[in-house]
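Take a look at the structure set out below.
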Amino acid sequence: MSGKKKRRLKEKRDPCILKRLAEATTDKKVITNADKAVTLELQSWSDLPADLLELIMSRLTLEENIRASAVCKGWYSVAIATRVVNQAPWIMFFPKVGDMYEFYDPLQRKTYCIELPELCGSRVCSTIDGWLLLYRPRTHRVFFFNPFTRESIKLPRYEMTYQIVSVSAAPTSASCTVFTIKHISPTVVAISTCHAGASEWTTANHQNRLPFVSSIWNKLVYCNGLFYCLSLTGWLGVFDPDNRSWDVLSIHPPKCPENFFTKNWWKGKFMLEHKGELFVIYTCSTENPIVFKLDRNKLVWEEMKTLDGMTIFASFLSSHGRTDLPGIMRNNVFFSKVRFYGKRCISYSLDDSRYYPRKQYHDWGEQDPFESIWIVPPQKFSAFS
């Protein structure tokens with residue numbers, strides 16, 4: 001067997017790939033064939049294509065990434081670009097029966113299972129900083145639960161229908177406010193709030209300056225001290241918890257192509273806050289999603305062609321925006337659905353204008369809104385014990 005083939009086989013057998021990558025250098029062999037010598041120069045690992053190197057780096061832990069960045073200047077630049085500083089959210093799946101819950105890490109593409117009998121008989125309403133907000137319909141019990149620490153914090157009982165709920169801060173914060181809105185008529189909504197440590201909920205009816213259809217398909221977000229509510233038809237309402245004022249803004253709904261207004265068009269949308277800005281994602285079956293950002297100066301929704309390095313994690317009840325994630329995840333919208341036996345999370349790339357995996361578009365309006373949600377694990381959290 002030639003020396004070149006032996007070298008290749010040895011590399012394949014060697015499990016310490018990072019060590020091999022770092023120690024590999026240019027290797028030259030002189031092979032005599034008949035009357036002439038042919039010099040073959042093997043490329044070093046530092047000459048790997050940038051996209052392939054980025055793919056490798058994105059699979060490394062933070063500690064491995066730092067070590068790899070010391071190999072050479074080329075590796076350093078790619079390592080810095082793919083270094084994970086921010087914690088990516090996980091998908092939490094809620095079983096229809098039983099107490100076994102699944103958590104999917106889209107970065108490592110791993111699924112973890114854990115029994116949580118504390119959640120028996122409850123449905124999820126929202127998430128905030130690793131906490132779940134849950135509701136038990138039979139007892140009207142509203143409570144926070146942290147699945148990573150198993151801590152629980154109760155709120156006063158409150159009878160909900162299928163209202164959407166938003167939270168301003170973690171329940172351990174004195175600034176925590178829970179907000180929900182209920183449709184009374186096209187011109188009246190009932191707004192209920194509850195503070196951390198309160199003994200009861202506060203509810204009051206508010207008049208709509210403009211027609212505002214409130215329903216389970218609302219999208220709620222807390223941003224810059226205000227609760228924003230995107231209505232069934234795309235109008236934006238805002239509630240100030242300090243002075244308990246409500247208003248429907250004179251901002252026209254995002255402009256979508258005609259073919260978006262088909263079956264379930266009002267269901268397949270998501271809203272999030274990121275660094276003080278509001279974003280809305282509209283989806284429609286086989287059509288590519290459209291991301292809008294609210295221009296506060298012009299008071300219009302502007303379509304975005306790029307996310308400028310941000311990654312969006314969209315689910316029906318709670319959506320998140322993150323930066324400082326691996327390059328391969330940037331400028332993507334990740335949805336709370338996993339394909340190929342838990343190996344791939346469905347995502348849409350704004351750079352490539354396509355879904356990954358290919359043709360894995362989904363009618364998000366048909367998805368059960370309470371079957372999954374994005375939740376942020378604690379920093380440096382790797383797995384359940």
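We count residues from 1, following the sequence as given.
Scanning for salt bridge (Lys or Arg N to Asp or Glu O under 4.0 Å) contacts around K275 gives an empty result, with sequence neighbours left out.
Side-chain contact between L307 and L350 is present, with heavy atoms from C-beta onward closer than 4.5 Å. You'll find the side chain of L317 stays beyond 4.5 Å of the side chain of C125, heavy atoms only. You'll find the side chain of H274 reaches within 4.5 Å of the side chain of F279, heavy atoms only. Counting heavy atoms from C-beta on, the side chains of Y112 and W90 come closer than 4.5 Å. Contact annotation: the side chain of V291 never approaches that of E303 to less than 4.5 Å [non-hydrogen atoms, C-beta and beyond]. You'll find the side chain of N218 stays beyond 4.5 Å of the side chain of L230, heavy atoms only. Looking at heavy atoms from C-beta onward, I251 lies in side-chain contact with L294 at the 4.5 angstrom threshold. Using a 4.5 Å heavy-atom threshold, the side chains of L133 and F143 count as separate.
Taken to the nearest 0.5 Å, the CE atom of M160 stands 5.5 Å off from the OG1 atom of T180. Note that CG of L278 and CG of D295 are 11.5 Å apart. Values are rounded to the nearest 0.5 Å. Residue Q163 holds its CD atom at 11.5 Å from CD1 of I191, rounded to the nearest 0.5 Å. F292 contributes atom CZ, which lies 14.0 Å from atom CE of M271 (distance to the nearest 0.5 angstrom). Atom CG of D99 and atom CD of E118 lie 8.5 Å apart (nearest 0.5 Å). Distance CG/N332 to CZ/R322: 15.5 Å, rounded to 0.5 Å.
You'll find the ring centres of F313 and W374 inside the 6.0 Å limit. Under the 6.0 Å cut-off for aromatic ring centres, F93 and F103 do not qualify, their centroids lying 6.0 Å or more apart. Aromatic ring centroids of W235 and H252 lie under 6.0 Å apart. Close placement of the Y101 and F94 rings is indicated, their centers lying within 6.0 Å of each other.
Side-chain heavy atoms closer than 4.5 Å link hydrophobic residues (I, L, V, M, F, W, Y) into clusters, and following such links, possibly through other members, connects L232 to F179. F148 and I153 sit in two unconnected hydrophobic clusters of ILVMFWY residues. Membership requires side-chain heavy atoms under 4.5 Å apart, directly or through other members. Residue I373 is grouped with residue W217 when hydrophobic side chains (ILVMFWY) are merged at heavy-atom distances under 4.5 angstrom, including chains of intermediate members.
No donor-acceptor distance shorter than 3.5 angstrom exists from the side chain of S173 to the backbone of A169, with no hydrogens or angles considered. Side-chain atoms of R138 never come within 3.5 Å of backbone atoms of S122 as a donor-acceptor pair (strictly under, hydrogens ignored). A donor-acceptor contact shorter than 3.5 Å is absent between the side chain of E151 and the backbone of T149.
The aromatic rings of F227 and F239 sit tilted relative to each other, their planes meeting at an angle between 30° and 60°.
Using modelled atom types and a 3.5 Å distance limit, the side chains of T193 and R244 yield a donor-acceptor pair. Looking only at atom types and distance, the side chain of N243 has a donor-acceptor partner in the side chain of S245 under 3.5 Å away. In this structure, a donor-acceptor pair under 3.5 Å is present between the side chains of S318 and T127. Side-chain contact check for N208 and W246: at least one donor-acceptor pair (N or O, by modelled atom type) lies under 3.5 Å. Defined by atom type and a distance below 3.5 Å, a donor-acceptor pair is present between the side-chain atoms of S192 and Y158.
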_side chain to side chain contact (heavy atoms under 4.5 Å, CB included) assessment of M92 paired with E102_ = CA-CA 6 Å; M92 181 178 180; E102 291 185 352; over 6 Å; no
*With side chain to side chain contact (heavy atoms under 4.5 Å, CB included) as the test, would you mind laying out the steps for L132 and I375 before giving the verdict?*
CA-CA 8 Å; L132 298 165; I375 185 170; 3.8 Å; yes
*Please assess T187 against R209 for the test side-chain hydrogen bond (donor to acceptor under 3.5 Å, both in side chains), listing each intermediate value before the final yes or no.*
CA-CA 7 Å; T187 58; R209 185 170 57 87; over 6 Å; no
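For the pair I128 and A170, the tightest heavy-atom approach, listed with the atom from each and the gap, is CG1-N, 3.8 Å. Residue A190 comes nearest to I184 through the heavy atom pair N-CG1, 3.7 Å, listed as atom of the first residue, atom of the second, then distance. Smallest separation of non-hydrogen atoms from E200 and C194: O-SG, 4.1 Å.
Under a 4.0 Å N-O distance rule, the pair R330/D308 does not qualify as a salt bridge. Note on E371 versus K337: salt bridge recorded, some NZ/NE/NH1/NH2 to OD/OE distance being below 4.0 Å.
Residue-environment remark: CZ (R150) exceeds the threshold of 12 foreign heavy atoms within 6.0 Å.
In this structure, K219 satisfies the cation-pi test against F270, with its NZ or CZ atom closer than 6.0 Å to the six-membered ring centre and inside 45 degrees of the ring normal. Figure legend: cation-pi geometry between R123 and Y135 absent, as NZ or CZ is not positioned both under 6.0 Å from the six-membered ring centre and within 45° of its axis.
When each of F335, Y356, Y355 is tested with Y348 by the rule ring pair (Phe, Tyr, Trp, His ring centres under 6.0 Å), just one qualifies, namely Y355. Residue N331 is tested with D352, T311, T306 for a side chain to side chain donor-acceptor pair (under 3.5 Å); the sole match is T306.
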